[in-house]
Every structure is written in C-alpha cells, then in structure tokens.
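Shown next, in structure tokens, is the structure this report addresses.
Worth saying up front: this structure is predicted, and the values here are computed from it rather than measured.
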Amino acid sequence: MERFIPLSIPNFEGNEKKYVDDALEQGWVSTGGTYITKLEQGLADFLKTDNVAACQSGTSALHLSMIRAGVQPGDVVLVPPLTFIAAVNPVKYQFAVPVFIDCDDSLCMDPEKLRKFCEEECEYNGIMLSYKNHPVKAVVVVHVFGNMADMEGIMPIAEQYHLKVIEDATEALGTYYTKGKYAGKYAGTIGHYGAFSFNGNKIITTGGGGAVTAKDTRDVDYIRYLSTQAKDDPHYYIHHEIGYNYRMTNLQAALGVAQMEELPEFIRRKRKNYELYQKYFNGFSLVQLMTFREGTESNRWFYSLKIDKKKIKASMREIITILQGRGIQTRAVWGLINEQKPYQNEMVYEMEKAPYYSQRILNIPSSTQITESEITYVAETIKKLLKDLANE
Ligand SMILES: *Cc1c(COP(=O)(O)O)cnc(C)c1O
C-alpha cells in the first residue's frame, strides 16, 4: 500500500479549465481583460469592501501597500518574526528598517508588546512616533495560518500613534470576526491596507497572484495605477511616478474567478477536516492542536500541532523524516525571520514566544481533497509515533 498524503495542494474541481481556455480563445492573456475585473469585483463582494486591485503576487501586494503607506528609506516598520519572510522583505525593498515585535499564543503579533514598545522605547511628539530618530510609519500584521490577529488590541495602538496598518491576509482569505467591534469584518479589511496571496498552496490559487484592498478606495486605485507602470497617459507614454509591473494577468485571473466560485466549499471542507483532527487529538497529551481566535471564524487554512518538547526528545527534523517515510508530508513552522542572514543585525523587541513556538509547531496535511480515512491515518500515525518517541 503506497500512499502519500501531501501537506497542501491546489484543488481544481470547478471551472478552472473552462475559464482559462476562454481567456486563451479571447486572446486576452496579459494584464488586460475581463477576468481581471471580474476577479477584483468578486473579491470585493466577498470581502464586503469597495475596491480591490489584483496583483502579480502577495509579495507585490504588500510592497505596493507599503509604498502607498508612505514608507521611505530609513523609516521604521514594525514586523513579526514568526511568519513567511515575504511579509517582511518589502520593508527592505523600501530601504526601511524593520523592528521585530513578538507574537502571542495565537502566533500573531502581541498587542501588549506592540504597545509597550511604542510607549517605552519610542518618542512621541503628538504627530509622529520615532525610534532612535527614525520615524515609525507602519506595522505589518500577519494573520498566521488563517488565524485572525488581535485586531481589537492592535488597531487602537496604531490609531494612537498614527501608524499605518498593513494586514498581511495572504493566508487568511475568508477569516472574519463574528463578535465584538469588528463583527462581520474580514481579515484584510480592518487596517489601512490588506494584502492577499493566490500562490499555489494558499486557500485559492491563480498559480501566482495576489490582491490589495484598502480602507480608502482611492488608495486601491492608486495601487492599481502603480501596478501598471504608472501610466498617466497610456497612449502617449506619460508617467508622473515610478511604476511597477505588478499587475495580475488575465490568464491568472481566469483561474482566480473559478477558484472564487469554490472558496466557500473549500472553507467548509477545511472546517470539517479541522473538526476531525480535533476529535483525534483531543485529550492526547503529547500534542496540542492549535486553535483559532475566539469571536472569529477562521478559514482554517493550515492546521498546526504544538509538540510537547519536554516529553518528546526527538528533533522536529527526525519527526518529519519518519512521517515522510510513512507517506505523510508535514512541515516545521518557519525559522525566525530575525535569524535569517539579511536580518541578523536588525532590532528585536522582547522576543520570547516566537522562538518558543518556532521550535514546537508542526503543520499537518490540510488540502481540501484530503479524505476522512486519510485524516484518520495521519492522526493515528502521528499519535503512535509520538507515543513511541516519548517512551524512548
Ligand atoms: C504566501 C505568503 C506571502 C507571499 O505571497 P506570494 O503570493 O507568495 O508572494 C506573504 N506573507 C505570508 C505570510 C505568506 O504566507
């Protein structure tokens, strides 16, 4: 019995082929065409926001947000240490200075540490926050693995100090608040800017692609303008700004329109599969299935186990390799960004939870196609392995 259960693979059960063929037949393969506007409209409707600009990637969506947020060389941007590095790289594209703020137990930015950093480490003159004479302009908040960051905690701090909030909702399309001040609000629509990704392993994919929304619809228009080479007169090549070639193509968007039709079903399956895993791991003391924030409904994009390192001496690498041999693809969480070569000299603030979780989180298979019997196999195999390892 050869089986292989991948971590996370795309799902094309809907109209993907039909729409891509259609785009090809129309001859609209590049950055113009009706699928792009259709995808933008579909995303705006889904997210209950006014305006969405489709981009070439989540990274370009984040970069354009940062440009529009006014982040300039030498400015400070507050960023998370425990996430995919693409959330932080745009800070460097702008020759700005990242300062790493720790996460809380949700793996997302800790509002208390954010507040303490602003209060105790920075100067505030009533208009501008500054850190070691660098203006602090923005904060990048990542909704890690589809789990909503504590926006109720973060937004008042950002408002108090006039920081632009760039939500990295690349993993969180479909996550929303069900209770409280932001009830009904989707991840990516609470801060000033929200970036989404449609890379191959995200909840919907366009191969590569992304999107931006913003609180102010004019910001989205401006981002769309920047993404298409800042054409002020497209016929006579007049440009008043430095633009970028960051626009999504119609071929990608054709995929995206089909994927958006399936998104509610994908989320439904992710939720159901999470509940199955929950059933298997509940009461099993060697791991803890990470939960999602109270008062929110997560898209449950990725499932994470927190491994009890006191009882299990094997390294994450050993666990992953053994599981791979048993046909189960798992993955360790990211290495800390502040420990990566380009960031080793950057400022970190009270780092404690991020290193802790960075050594303990294991992501387990979460594709929308996974079957019930595969989930049973994954859960039972992991439980047996960890019991064996704990006894050694
Ligand atoms: C995927 C991802 C990105 C980048 O998106 P791309 O579309 O791959 O450029 C950025 N931040 C986080 C947290 C991501 O998971």
Check: [Y] and [X] side chains under 4.5 Å, non-hydrogen atoms:
X    : Y    : answer
V88  : F100 : yes
Q56  : R247 : no
I127 : H162 : no
D104 : P111 : yes
T381 : L323 : yes
E262 : I204 : no
V136 : L78  : yes
Q324 : Q329 : yes

First locate atom [atom1] of [X], then atom [atom2] of [Y], and finally report the distance between them rounded to the nearest 0.5 Å.
X    : Y    : atom1 : atom2 : value
L385 : I382 : CG    : CD1   : 8.0 Å
Y222 : I67  : OH    : CD1   : 9.5 Å
I370 : K272 : CD1   : NZ    : 10.5 Å
C122 : Y131 : SG    : OH    : 7.5 Å
N282 : Q288 : CG    : CD    : 10.5 Å
E372 : L276 : CD    : CG    : 5.0 Å

Suppose we call two aromatic rings close when their centres sit under 6.0 Å apart. Are [X] and [Y] close by that rule?
X    : Y    : value
Y274 : Y277 : no
Y161 : Y124 : yes
W334 : F145 : yes

Please check if any side-chain donor atom of [X] sits under 3.5 Å from a side-chain acceptor atom of [Y], or the reverse.
X    : Y    : value
S57  : S60  : yes
N338 : Q344 : no
Y343 : N89  : yes
D50  : T217 : no
T213 : T49  : yes
S298 : N147 : no
S315 : E318 : yes
Y176 : N299 : no

[X] side chain to [Y] backbone, donor-acceptor under 3.5 Å:
X    : Y    : result
N250 : T31  : no
T175 : G146 : yes
Q340 : L336 : yes
W28  : Y35  : no
D102 : E352 : yes
E16  : G14  : yes
Q252 : G208 : yes
T178 : G295 : yes

* Any cation-pi pair here, R3 with Y377, using under 6.0 Å and within 45°? ->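 Yes, R3 sits over the ring of Y377.
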
* To do: Establish, yes or no, whether the cationic atom of R115 lies under 6.0 Å from the six-membered ring centre of F117 and within 45° of the ring axis.
  => no

* Hey, could you give me each pair passing salt bridge (Lys or Arg N to Asp or Glu O under 4.0 Å) that has a residue in residues 123-144? Not counting sequence neighbours. => D75-K137

* **Qualifying salt bridge (Lys or Arg N to Asp or Glu O under 4.0 Å) pairs, either residue in residues 144-168, two or more places apart** =>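 Of all non-adjacent pairs touching residues 144-168, none passes salt bridge (Lys or Arg N to Asp or Glu O under 4.0 Å).
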
Is the closest basic N to carboxylate O distance between [X] and [Y] below 4.0 Å?
X    : Y    : value
K310 : D308 : no
R269 : E265 : yes
R271 : E297 : yes
D219 : R68  : yes
R224 : E40  : yes
K353 : D110 : no

* Asked: In this structure, which one of K185, H143, K181 forms a side-chain contact (heavy atoms from CB on, under 4.5 Å) with M151?
  -> H143

Taking a hydrophobic cluster as the set of Ile, Leu, Val, Met, Phe, Trp and Tyr residues connected by side-chain heavy atoms closer than 4.5 Å, whether directly or through intermediates, do [X] and [Y] fall within one such cluster?
X    : Y    : value
M260 : F198 : yes
V52  : L64  : yes
Y280 : V378 : yes

* Verdict with supporting geometry, I307 and L286, side chain to side chain contact (heavy atoms under 4.5 Å, CB included) -> CA-CA 6 Å; I307 307 250; L286 298 174; over 6 Å; no

* Please lay out, stage by stage, how I166 and V141 fare under the test side chain to side chain contact (heavy atoms under 4.5 Å, CB included). => CA-CA 6 Å; I166 299 169; V141 177; over 6 Å; no

* To do: Could you walk me through whether E346 and K92 pass salt bridge (Lys or Arg N to Asp or Glu O under 4.0 Å), step by step?
  => CA-CA 11 Å; E346 303 298 348; K92 291 278 189 179; 2.5 Å; yes

Step through the shown structure and confirm whether more than 12 heavy atoms of other residues, nucleotides or ligands are within 6.0 Å of [atom1] on [X].
X    : atom1 : value
N125 : CG    : yes
F95  : CZ    : no
Y236 : OH    : no
N345 : CG    : no
K38  : NZ    : no

* Asked: Parallel, tilted or perpendicular for Y186 and F46, by the 30°/60° rule?
  -> tilted

* Asked: V287 and L386: side chain to side chain contact (heavy atoms under 4.5 Å, CB included), yes or no, with the steps?
  -> CA-CA 9 Å; V287 297; L386 295 182; 3.1 Å; yes

* To do: Determine, step by step, whether K202 and E171 satisfy the salt bridge (Lys or Arg N to Asp or Glu O under 4.0 Å) criterion, reporting the C-alpha distance in whole Å, the side-chain angles of both residues, the deciding distance to 0.1 Å, and the verdict.
  => CA-CA 6 Å; K202 298 301 197 301; E171 302 177 355; 5.2 Å; no

* Structure fact -> For A332 and I320, the nearest pair of non-hydrogen atoms, with its separation, is N-CD1, 3.4 Å

